[in-house]
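What follows is a short report on a single structure.
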Amino acid sequence: MKLSKILHIVSVIAGLAGVVALVAAYIAGPGGTFWGFSQNHLFVDAGIRILLAIWLQLAALHHMKLEERGEVI
């Protein structure tokens, strides 16, 4: 399997995990918890996971360009 494909799949999983954390933060409400995590903790987790998904998607695009040129990393 190509590296760009793997990066894309991992990016989608990280993005979905970020969305789940965001929904969990909304459900927790101010001062509440969800899965044992506070709302603030879940918001921070969601932000980090979504940023990670963006970074992985950019890496996937970069590797797609390298694969088009025939360069293998």
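What you see is a predicted model, and the numbers here were worked out from it, not measured in a lab. Note that these values count all heavy atoms, side chains included, but never hydrogens, waters or copies made by symmetry.
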**Complete:** For residues 54-66, the salt bridge (charged side-chain N to carboxylate O under 4.0 Å, His left out) pairs (sequence neighbours left out) are Lys65-Glu68

**Request:** Tell me, please, which residues at least two apart from Ser38 pass side-chain contact (heavy atoms from CB on, under 4.5 Å).
**Result:** Asn40, His41

Under 3.5 Å, which donor-acceptor pairs link side chains of residues 1-27 to any protein atom two or more places apart or in another chain?
| unit_1 | atom_1 | unit_2 | atom_2 | d |
| --- | --- | --- | --- | --- |
| Ser4 | OG | Glu67 | OE1 | 3.0 |
| Ser4 | OG | Glu67 | OE2 | 3.4 |
| His8 | ND1 | Gln57 | OE1 | 3.3 |
| His8 | ND1 | Gln57 | NE2 | 3.2 |
| Ser11 | OG | Ala53 | O | 2.8 |

**Prompt:** Say you draw a straight line from CD1 of Ile54 to CG of Leu58; how long is it, rounded to the nearest 0.5 Å?
**Reply:** 7.5 Å

**Message:** Once salt bridge (charged side-chain N to carboxylate O under 4.0 Å, His left out) is applied, what residue pairs with a partner in residues 42-58 remain, sequence neighbours excluded?
**Reply:** none

